[in-house]
Amino acid sequence: MLTSLDTISRFSRRNVSIWWTMAFQAGIINAGGFIACQRLVTHTTGFATYIGNEFARGNILAALGMASVPTFFLAGAATSAYFVDRRIASHKNPLYSLMFGLIALFMVTVSFGGNAGFFGVFSEPLMMARDYTLLAILCLSAWLQNGTITAAAGSVVRTTHLTGITTDLALGIVRANSKQYPDEIRKDERRANGMRVGIIGFFIFGSTIGAFCFYRFGYWGFLGPAVISATLALMCLRYQLQASHRQVAVMNKGHL
């Protein structure tokens, strides 16, 4: 994932470790959004339910305000599509480091901005006038991650929500244990199921660790995913630089 010009191998040890790390981070961010303003920031379905509920209660302005928040899902995914998916299709280096760097920047902004009082008291009930910017940043960050991993994995893996991965796991269990499928497919499904269980487990683990941190430290808890994303950004940048140096060395050797 860190250097490939094409979609990544499904089950390399390095890729799976990155997917699990990002699932862990997504769990932290989701827990932080829920505790900070009572919203699950990686779930489009949940926002659709909130919108319908506010319309039914006659809170038209609140419903319209909530309806605009998912546009930041789209903005995050579109940004990752432009800098990752489009570049993969063009056989150029995908800018993973830029995506992870942006997520780190947004998490630092939420952490320091929250402690400066821009988003109100941590864990108070949602007030759109006060919490809109917080929701927007968290949704944008979550879907930058979702779009980046989805594009990098060729739409095989998603790390910010568990509905699809749980469905894939259920199908994979049946496929892995059904003799109607060829042995190679059954073997691949067993490996995939291990990856899927890991994503689910690390998301729950991240949510648990995140909840402990957010209840104790408030907005400072967002520094956790900031550190994770910044580390991944530096790793991606390092591997890309190493790949460029190797390519230059090969070209220079060819001219000798």
Side-chain angles (χ1 to χ4, degrees), residues 1 15-47 69 72-73 76-77 80 96-97 99-115 118-124 126 131 133-150 152-153 157-166 195-236:
M1 171 178 172
N15 290 334
V16 171
S17 67
I18 291 173
W19 297 339
W20 287 354
T21 300
M22 298 313 292
F24 177 77
Q25 172 170 284
I28 296 176
I29 295 174
N30 212 40
F34 181 72
I35 296 170
C37 57
Q38 317 306 311
R39 291 296 180 268
L40 298 170
V41 298
T42 66
H43 294 72
T44 312
T45 307
F47 274 93
V69 173
F72 293 95
F73 292 150
S80 62
Y96 298 126
S97 57
M99 298 298 95
F100 291 135
L102 285 174
I103 295 171
L105 177 61
F106 290 145
M107 292 298 98
V108 170
T109 299
V110 168
S111 185
F112 282 91
N115 282 285
F118 291 115
F119 308 128
V121 177
F122 190 82
S123 80
E124 282 189 342
L126 176 72
D131 296 324
T133 303
L134 173 62
L135 274 174
I137 295 174
L138 293 178
C139 290
L140 181 62
S141 300
W143 285 74
L144 271 173
Q145 173 179 321
N146 192 47
T148 298
I149 300 300
T150 300
V157 177
R158 290 172 177 82
T159 59
T160 59
H161 50 284
L162 302 183
T163 304
I165 207 76
T166 303
M195 175 269 292
R196 293 159 183 159
V197 169
I199 286 178
I200 295 170
F202 274 95
F203 188 98
I204 295 172
F205 183 44
S207 298
T208 303
I209 296 299
F212 276 114
C213 293
F214 287 114
Y215 281 126
R216 183 169 182 178
F217 302 113
Y219 286 109
W220 291 124
F222 287 106
L223 289 179
V227 171
I228 293 172
S229 291
T231 300
L232 285 172
L234 291 174
M235 287 174 57
C236 291

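Just so it is clear, the values below take in all heavy atoms, side chains as well, and ignore hydrogens, waters and symmetry mates. Starting from 1, each residue takes its place in the sequence as its number. Keep in mind that this is a model prediction, so the values were computed, not measured.
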Search all heavy atoms of [X] against all heavy atoms of [Y] and return the closest pair with its distance.
| X | Y | answer |
| --- | --- | --- |
| M22 | Q145 | O-NE2, 2.7 Å |
| P225 | G221 | CD-O, 3.5 Å |
| L144 | S80 | O-CB, 3.7 Å |
| G210 | A31 | C-CB, 4.5 Å |
| A226 | A104 | O-CB, 3.5 Å |
| F122 | A36 | CE1-CB, 3.5 Å |

[atom1]-[atom2] distance between [X] and [Y], expressed to the nearest 0.5 angstrom:
| X | Y | atom1 | atom2 | result |
| --- | --- | --- | --- | --- |
| I28 | F205 | CD1 | CZ | 9.0 Å |
| Y96 | I18 | OH | CD1 | 9.0 Å |
| S123 | I35 | OG | CD1 | 8.5 Å |
| L140 | L135 | CG | CG | 12.0 Å |
| I137 | L105 | CD1 | CG | 9.0 Å |
| I209 | F212 | CD1 | CZ | 7.0 Å |

Test side chain to side chain contact (heavy atoms under 4.5 Å, CB included) applied to I228 and F24, step by step: CA-CA 10 Å; I228 293 172; F24 177 77; 3.8 Å; yes
Answer yes or no: is there a donor N or O on one side and an acceptor on the other, between the side chain of S111 and the main chain of Y219, under 3.5 Å?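 The answer is yes, because a donor-acceptor pair under 3.5 Å joins these two groups.
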What do the steps show when you test T109 against F222 for side chain to side chain contact (heavy atoms under 4.5 Å, CB included), and what is the final call? CA-CA 9 Å; T109 299; F222 287 106; over 6 Å; no
For L162 and I165, what are the C-alpha separation, side-chain angles and deciding distance, and is it a side chain to side chain contact (heavy atoms under 4.5 Å, CB included)? CA-CA 5 Å; L162 302 183; I165 207 76; 4.0 Å; yes
Do the non-hydrogen side-chain atoms of M107 and I29 ever get within less than 4.5 Å of each other?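 The answer is yes, as the side chains (C-beta and beyond) meet within the 4.5 Å cut-off.
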Using side-chain heavy atoms (C-beta onward) and a distance below 4.5 Å, is F214 in contact with F34?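 No; the side chains remain at least 4.5 Å from each other.
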Pick out which of T150, I149, T148 makes a side chain to side chain contact (heavy atoms under 4.5 Å, CB included) with N146.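 Answer after filtering T150, I149, T148: T150.
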Centroid separation under 6.0 Å, is that true for the rings of F112 and W220?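 Yes: the rings meet the under 6.0 Å criterion.
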Carefully, step by step, assess F202 and T21 under the rule side chain to side chain contact (heavy atoms under 4.5 Å, CB included). CA-CA 7 Å; F202 274 95; T21 300; over 6 Å; no
